[in-house]
Structures are given as C-alpha cells and as structure tokens.
Amino acid sequence: MCGRYALLARTDLLREFLGIVDVEDPPARYNIAPTQPILVVVAGERQEPGSNLPERRAVLVRWGFMPGWVKDPRDFPLLINARSETAVGKASFKAAMRHRRILVPASGFFEWRRPEEKGAKAQAYFIRPRKGEIVAFAGLMETWSSADGSEVDTGAILTTAANNDISRIHDRMPVVIRPEDFSRWLDCKAQEPRDVVDLMKPIDDGFFEAIAISDKVNKVANMGPDILEPVEEEAPMPQKKKGADAPPSSDQLSLF
C-alpha cells in the first residue's frame, strides 16, 4: 500500500527527469495525503511528423480514484491504490488500465511497520531512492462527471508485492517505472495492458532505502520538513532470511 508520499524535487529536475515542459514551480510537499491534489504525468497529444508538441504533459488530479460509472461518490470507497496483479480485470480499473495510464512523480513514500505485540507502537519509515531525487510510480487516471456536468480528474497509484528490502516493513509497495520505460507505459494507443505487464513488478533490491522517522507523519496537518528527520527505531527491524519469500499479501484494493 502507498498511503502517503512526498514530492520535494526542484522544477528543473522534474522537467529533466519526466521530459515535461509545462510544469510550474511546485512547492515542496512533505506529507501528501489522499483526497489532496497531486501532480501526475500523462501522454501528450498524438505526434504528427514535424510536430513540436511535447511528448508528455503535467496535470493535477485528486488522489482517490473514481470510476466514471459511479453515480454518487458518497456510496463508493476511496481508492488510492490499485493492485497491479488484478487491476486489468477489475471493473473499477480496467478502462483506465487500457486508456489512461499515468506517472506519479515522488521523492519517496511512507510506510509503517506494525509490530506483532498487541498495543506496541508502529514504526514509520520514509522510503526513498538511494540514487537521485525523484522516482516515478505507475498510476491510473479517470475523469468522473457529476450529474450537474462538473468534472473531477482522479488518480490511483499501482502497487505490487514488496521486494526483499521493503517486505521487512510491509508486504506491498508502489510500482516503479524506470525512465527508459516512461514512453511505453504512457502509450495507451499502441501498448495494451498485456504489453506492459513486465513493467508492473517489484523494483530491484537496493533501489530504495528506508529511514526510520517519528510519528509526526501520522497527522496530515504536519507538512513541514521536520517529519523527515531520522529517529532511532522503536525496535530493530527483523532480518529476513536469505532466499525467503516475501510475506503473502491480501487480495483487497487499498482503501483509506
């Protein structure tokens, strides 16, 4: 699951990493939460020979996916994540998997290790790439229209089974799309879901590092850089035996 993340990169780095030109100067956001607007990247208009239109463009969507067929959002759960293994067959996500795949830039995400002891405090972590300042998560986008004709662009982050590094904390993690695969992931005209299945897998071990932080991140109102300050872990993180499989994950969509 990915229920909180951060985006701190400078505008010039965002433009270079994502290949976009239309992004303004976004403020540093240390604690992005569901229902808030998030920056995502979509494919640009279909290129004609000699066209100078950008290949990709940046847009804002609400974090919380809403299928177009929903009548009343109050009767529908808030979908912040979609399981990559089953999204193509789920009624909520199948159209977006075929037609509206996106990239969600981030500087890292937050996860909590829940101790087995009853009543023990969960340890929060900021999980960031070891190299570079930005990572791109795979996502899906849908435009929901209300009865009065108003429209809201919404999005969700795709998740996969955690790699060995992250499975010590949680059994799920966001799907990471590497820069060399951006175009293929975003090309919904030529690349069907079956053509990009190979991209929806756990990122290599060693890609991320997990930094123990305080429980300040638990409160959405805490939005300053102090929430990223490292702390001593409440309890040592259990060591995973070499060759052991990641813990099994449930077959539920992540809800918030």
Side-chain angles (χ1 to χ4, degrees), residues 1-8 23 26-43 57-112 124 126-127 135-160 170 172-177 185-186 188 193 200 217-223 227 249-256:
M1 178 178 177
C2 176
R4 301 280 181 84
Y5 71 97
L7 180 58
L8 316 173
V23 63
R29 300 179 66 189
Y30 293 89
N31 193 6
I32 301 173
T35 74
Q36 294 179 354
I38 61 173
L39 180 73
V40 305
V41 176
V42 301
R57 58 190 180 91
V59 299
L60 289 175
V61 305
R62 186 198 71 155
W63 188 13
F65 190 92
M66 188 69 61
W69 44 260
V70 171
K71 300 296 184 183
D72 188 344
R74 294 172 296 183
D75 298 331
F76 195 79
L78 184 66
L79 303 179
I80 63 172
N81 295 156
R83 290 176 63 91
S84 60
E85 301 92 335
T86 58
V88 70
K90 294 286 186 179
S92 297
F93 302 117
K94 61 190 305 183
M97 274 293 299
R98 178 64 186 87
H99 302 291
R100 289 173 290 280
R101 298 191 297 267
I102 61 175
L103 297 171
V104 183
S107 299
F109 66 101
F110 299 98
E111 197 52 84
W112 288 259
F126 181 53
I127 301 172
V135 64
F137 300 146
L140 301 175
M141 176 178 166
E142 187 66 89
T143 300
W144 180 79
S145 300
S146 67
D148 64 7
S150 59
E151 295 184 340
V152 179
D153 292 329
T154 68
I157 294 173
L158 283 160
T159 66
T160 185
H170 197 273
R172 303 291 295 178
M173 67 186 297
V175 172
V176 174
I177 304 296
W185 174 255
L186 293 175
C188 296
M200 297 185 288
V217 69
N218 296 1
K219 295 183 178 180
V220 176
N222 293 335
M223 298 182 290
I227 68 172
S249 58
S250 64
D251 191 27
Q252 299 293 322
L253 296 178
S254 294
L255 308 179
F256 195 87

**Asked** Within the side chain of Trp63, is there an N or O that forms a donor-acceptor pair under 3.5 Å with the backbone of Ile80?
**Response** yes
Closest non-hydrogen atoms of Val88 and Pro193, given as atom of the first, atom of the second and distance, are CG2-CB, 3.7 Å
- request: Begin from the C-alpha positions of Trp69 and Ser92 and carry the test side-chain contact (heavy atoms from CB on, under 4.5 Å) through to its verdict.
  value: CA-CA 9 Å; Trp69 44 260; Ser92 297; 3.9 Å; yes
>> Centre-to-centre under 6.0 Å for Trp144 and Phe76, is that the case here?
In response: no
Checking the side chain of Asn31 only, and the main-chain atoms of Lys219 only, is there a donor and an acceptor separated by less than 3.5 Å? yes
Output for pair (Met141 CE, Leu103 CG), nearest 0.5 Å, gives 12.5 Å
| Polar side-chain atom of Arg98 near backbone of Cys188 as donor-acceptor pair, under 3.5 Å | yes
Between the CZ atom in Phe126 and the CZ atom in Arg4, the distance rounded to the nearest 0.5 Å is 13.5 Å
Q. Should Leu78 and Pro34 count as side-chain neighbours, where that means a heavy-atom distance under 4.5 Å?
A. yes
- Item | Glu142 and Phe65, any side-chain heavy atoms less than 4.5 Å apart | yes
* Any side-chain heavy atom of Asn222 sitting closer than 4.5 Å to one from Val217? -> no
Is there a side-chain contact (heavy atoms from CB on, under 4.5 Å) between Arg101 and Leu140? Walk through the geometry before answering. CA-CA 5 Å; Arg101 298 191 297 267; Leu140 301 175; 4.1 Å; yes
Verdict with reasoning, Leu39 to Leu60, per side-chain contact (heavy atoms from CB on, under 4.5 Å) = CA-CA 5 Å; Leu39 180 73; Leu60 289 175; 4.3 Å; yes
Taking every heavy atom of Ala28 against every heavy atom of Leu8, the minimum-distance pair comes out as CB-CD2, 4.2 Å
Correct closest heavy-atom pair for Asp148 and Ser150 would be OD1-OG, 2.8 Å
So CD of Glu85 and OG1 of Thr160: to nearest 0.5 Å the spacing works out to 4.5 Å
To the nearest 0.5 Å, atom CZ of Phe109 lies from atom CD1 of Ile157 at 9.5 Å
Taken to the nearest 0.5 Å, the spacing of Arg172 CZ from Ser84 OG works out to 6.0 Å
### Query
Any donor and acceptor pair, going by atom type alone, linking the side chain of Thr159 with main-chain N or O of Asn81 inside 3.5 Å?
no
Review point. With a 4.5 Å limit on heavy-atom distance, are the side chains of Thr143 and Asp153 in contact?
Key: yes
Between Ile32 and Gln36, the two heavy atoms sitting closest are CA-OE1, 3.6 Å
Any side-chain heavy atom of Leu158 sitting closer than 4.5 Å to one from Phe93?
-> no
Interatomic distance, CE@Met97 vs CE@Met200, rounded to 0.5 Å, equals 4.0 Å
Here the pair of heavy atoms bringing Ile102 nearest to Trp185 is O-NE1, 2.8 Å
Treating Arg62 as the side-chain partner and Gly64 as the backbone partner, does any N or O pair qualify as donor plus acceptor under 3.5 Å? yes
